[in-house]
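Every chain is numbered from 1 and lettered A, B, ... according to where its sequence line falls, protein lines coming before strand lines.
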Amino acid sequence: MKSVVAQLLESALAKLPELADLIADIAIESTVERTRDSSHGDFASNIAMRLAKPARKSPRDVAASIVKQLSDSDQVDKVEVAGPGFINFHLSAAAFQQELRTILDQGICYGRQPARERPRILLEFVSANPTGPLHVGHGRLAAFGATVGNLLEAAGYTVEREYYVNDAGRQMDILGVSVWLRWLESQGTTIPFPEAGYRGDYVRDIAGDIDTGDATVISAEELTDGLPEGDMEALIEALIARAIETLGPDGFDRIRQQSLESIRADIEDDLAEFGVTFDRWYSEQSLTTEGRIDAALAALEKSGNVYERDGAIWFRATDFGDEKDRVVIRANGKKTYFASDIAYHFDKRQRGFDLLIDILGADHHGYVTRVGGGLAAMGYAADDLIVDLVQFVALYRDGEKVAMTTRGGKFITLRQLRNEVGNDAARFFYVSRSNDQHLDFDLDIAKSESNDNPVYYIQYAHARIASVFRQLEERSLEWNDTSGCDNLSLLVEPQEKKLLTTLSRYPEVIELSANNRAPQHLVHYLRDLANDFHTYYNAHVFIVDDDKLRDARLVLVTATRIVIANGLAILGVSAPETM
RNA sequence: GCGCCCGUAGCUCAGUCGGAUAGAGCACCAGAUUCCUAAUCUGGGGGUCGCAGGUUCGAAUCCUGCCGGGCGCGCCA
């Protein structure tokens, strides 16, 4: 609908070259917005105010000369200049009726934009280390990322979703040794569990399932003989060394890989149950085995952006806005995690993705300049990488903050949260706040089946509409949608007009939410839409004796159901027929 | 110390590219059902948009400084 107004303005300006020249760099559509107050019409443009200064005329004069050039349209009832120089458009009833027919015609496609070739987007999210189950913080990354992916697709983009599996490095050794120690325990060899190991119960479960091959059980004395005391980091290092010497490198690797795969598969199941799926699980190990880190480092070398100092190889990150240079190869010859990161992003770009979007926890903010700098150093634009940082989640129960510590394995898992409040409420609450806002997740509200739960409020509107049609059937009446579409002019009640207006905003909301990667706009919109529907429901009966009015009202109500269902689908929330 | 994010009603938060009288929900108060699901609806009170400057036709929004909260600053992963 917005484009109707923008086009009218555009053709009017075409007749005013002296004005049009002044705003060559402004998209006319960007001057058009919904009005907040219906007495100002449906849409307003501030274009005259923006033109006033360069044109050296008063905003109202500019507005008047534009309005004079506007051609008549059956979509517009009235145009007026108001306030400091707004041009207000009052759309016709016919325009809204047309939109209603569009909603019915397009159904589940309503609000989606046609596919566009570019940019191809690679969306990376969650990417939690595979050292244990996902917790509630990862849940927010999952829900946010999945919803952003859905929004971008609705906006016409091609999106691939990827999970980066940190399956290399020391943490995998620690996982392996943790599982080994738990396995030994199950065989009767028990020592105090190391502080630096992974202590969650899931480690015992893995140890119980694992195939250890011909591994021999050693005694506690053999296990602890000569181990360092006091320093927990040194202790875990020594235990890893002991595992390798006892099991052999292959034997230890076997435990390590099984443990990793067990956890990774569990994460995949957990997310799938949450409605979050990925096109690819990208292994960090594969960066090394396929030589991608070396390739990236060679590209950096070639562009002259690395140098040697103190026996290490450094990336000139300061040349790209970072506060200090970063090591890529340590003096001991090992590559850093940062080297993997830039290699991974270099590879994403080389696979043909134009735009890389990373959804990361807020503690990763230092990473943005560095990786963007790495891309720039390798010949790509730093702007090709967008990082959305998602702030932390605090759980509240009975008005109290729920204490969570990662240490000691005492944290609430995503699975526990989903079991407690349900997938729908979890998906909804996670995206109801801006990603750069800390999230206070109130378990009691998410669980409550009552009026203070916004998820149910929206779902209830959908179920009520389904119920209206069940009633229709019970009364042996039929809905003639053709008749309904022919009689939309009967929809004259204020609640009907309000609902029509809100429905017609949906495509704009999708576009806005997608462009800003801001699902909370859609959440708020759906709440508004449900509110308009409930108000209508309470004010008027839909199944009336008058066939034409009934058919028309059922068109409006059906359109409402379509838009609610479409919006909830993007959020990953179900749209129930009954509640 | 440096960097990033946040500060809007009692509470939790929206507020698009700077736009007209700053909005929701919860909580609080008062009402609505012979009728399609009351998990609903209607009305009401409640604001120094952290503070101080600046930019301009116009600032919650942009700029500077300050105050308060969170997070991050490794040849860890």
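Comparing B/C5, B/G19, B/C71 by their nearest atom to the side chain of A/Q391 picks out B/C5. Comparing atom distances between the A/R50 side chain and each of B/U21, B/A77, B/C17 picks out B/C17 as nearest. Considering only side-chain atoms of A/Q437, the nucleotide from B/G74, B/A14, B/G19 that sits closest is B/A14. Comparing B/C41, B/C75, B/C13 by their nearest atom to the side chain of A/R433 picks out B/C13. Closest to the side chain of A/D440, out of B/U12, B/G3, B/G15, is B/U12. Distances from the side chain of A/W314 to the nucleotides B/G72, B/C75, B/U21 place B/C75 closest. Taking every side-chain heavy atom of A/Y537 into account, B/C36 is the closest of B/A39, B/C36, B/G19. With B/C71, B/C73, B/A77 as the choices, the nucleotide that has an atom nearest any side-chain atom of A/R170 turns out to be B/A77. Nearest to the side-chain atoms of A/V541 among the listed nucleotides B/C71, B/C75, B/C36 stands B/C36. For A/H534, the side-chain atoms get nearest to B/U40 when compared with the rest of B/C13, B/G15, B/U40.
Between the side chain of A/R326 and the backbone N or O of A/A339 there is no donor-acceptor pair closer than 3.5 Å. Although no hydrogens or angles enter the test, the distance criterion places no donor-acceptor pair under 3.5 Å between the side chain of A/T35 and the main chain of A/S38. For A/S513 (side chain) and A/H521 (main-chain N/O), no donor-acceptor pair under 3.5 Å exists by modelled atom type. Although no hydrogens or angles enter the test, the distance criterion places a donor-acceptor pair under 3.5 Å between the side chain of A/H138 and the main chain of A/H135.
Between the side chain of A/H364 and the base of B/G72 there is no donor-acceptor pair of N/O atoms closer than 3.5 Å. Counting distance only, with no hydrogens placed and no angle test, the side-chain atoms of A/N46 and the base atoms of B/G19 include a donor-acceptor pair under 3.5 Å.
Residue A/N531 is classed as a sugar-phosphate contact, given heavy-atom separations below 4.0 Å to backbone atoms only. Within the 4.0 angstrom heavy-atom criterion, only backbone atoms of the sugar-phosphate kind lie near A/T535; the bases stay farther away. Nucleic acid contact for A/S58: none, since no nucleic acid atom lies under 4.0 Å from a heavy atom of the residue. Using a 4.0 Å heavy-atom criterion, one finds that A/N88 contacts the bases of the nucleic acid, with or without backbone contacts as well. Using a 4.0 Å heavy-atom criterion, one finds that A/A52 contacts no nucleic acid atom at all. Residue A/R309 is in base contact, counting any heavy-atom pair closer than 4.0 Å across all strands shown. If you check every strand for non-hydrogen atoms under 4.0 Å, A/M49 touches a base. At a threshold of 4.0 angstrom between heavy atoms, the contacts of A/A518 with the nucleic acid are absent.
Applying ring pair (Phe, Tyr, Trp, His ring centres under 6.0 Å) to A/Y344 and the options A/F338, A/Y367, A/Y163, A/Y282 leaves one that passes, A/Y282.
Here A/N515 does not reach the OP1 or OP2 of B/U16: none of its side-chain N or O atoms lies under 4.0 Å away. Using a 4.0 Å cut-off, some side-chain N or O of A/R464 falls inside it from OP1 or OP2 of B/A38. When the side-chain nitrogen and oxygen atoms of A/T131 are compared with OP1 and OP2 of B/A77, none of them lie within a distance under 4.0 Å. Put simply, A/R330 has no side-chain N or O that comes within less than 4.0 Å of OP1 or OP2 on B/G74.
Following rounding to the nearest Å, A/F392 (CZ) and B/C71 (P) show an atom-to-atom distance of 7 Å. The distance between atom NZ of A/K334 and atom P of B/G74, rounded to the nearest whole Å, is 20 Å. Between the CG atom of A/D388 and the P atom of B/C4 there is a distance of 17 Å, given to the nearest Å. For the pair A/Y337 OH and B/G74 C1', the computed distance is 15 Å after rounding to whole Å. B/A14 atom P lies 15 Å from atom CG of A/L522, rounded to whole Å. Taking atom CG on A/L472 and atom C1' on B/C35, their separation rounds to 15 Å, with Å as the unit. Counting to the nearest Å, the C1' atom of B/U16 and the CZ atom of A/F43 are 14 Å from each other. Rounded to an integer number of Å, the gap from A/H524 NE2 to B/U8 C1' is 13 Å.
B/U8 and B/C13: their P atoms are spaced 9 Å apart (whole Å). Spacing between B/C67 and B/U42 at atom P, rounded to whole Å, works out to 46 Å. B/G18 and B/U56: their C1' atoms are spaced 10 Å apart (whole Å). To the nearest whole angstrom, the two C1' atoms, one in B/C62 and one in B/C49, are 15 Å apart. Taking the C1' atom of each, B/A9 and B/G44 are spaced 15 Å apart, rounded to whole Å. Atom P of B/G31 sits at a distance of 28 Å from the matching atom of B/C11, rounded to the whole Å. Taking atom P on both nucleotides, B/G69 is separated from B/A32 by 49 Å, rounded to a whole Å. B/A52 sits 24 Å from B/C57 when the C1' atoms are compared, rounded to a whole Å.
Both A/H540 and A/A82 lie close to RNA chain B; mapped to their nearest nucleotides by heavy-atom distance, the more 5′-ward contact belongs to A/A82. Comparing A/R470 and A/D436 by the nucleotide of RNA chain B whose heavy atom lies nearest to each, the residue mapping closer to the 5' end is A/D436.
When only modelled atom types and interatomic distance are considered, A/T318 and A/D325 share a side-chain donor-acceptor pair under 3.5 Å.
At a threshold of 4.0 Å, the pair A/E473-A/R470 does not count as salt-bridged, since none of the basic side-chain nitrogens sits closer than that to a carboxylate oxygen.
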Run the numbers on A/F441 and A/F429 for ring-ring contact (aromatic ring centres under 6.0 Å, His included), then give the verdict. CA-CA 7 Å; A/F441 196 121; A/F429 273 74; 5.4 Å; yes
Just do the side chain to side chain donor-acceptor pair (under 3.5 Å) check on A/N166 and A/Q171 with the steps written out, would you? CA-CA 9 Å; A/N166 291 117; A/Q171 59 184 347; 5.1 Å; no
Under a 3.5 Å cutoff on both atom distances, Watson-Crick or G-U, what's the dot-bracket for RNA chain B ([ ] crossing, | other strand)? (((((((..((((.....[...)))).(((((.......))))).....(((((..]....))))))))))))....
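Heavy atoms of other residues, nucleotides or ligands lying less than 6.0 angstrom from CG of A/D545 number 12 at most.
For the pair A/R464 and A/Y537, the cation-pi test (distance below 6.0 Å, angle within 45°) is passed.
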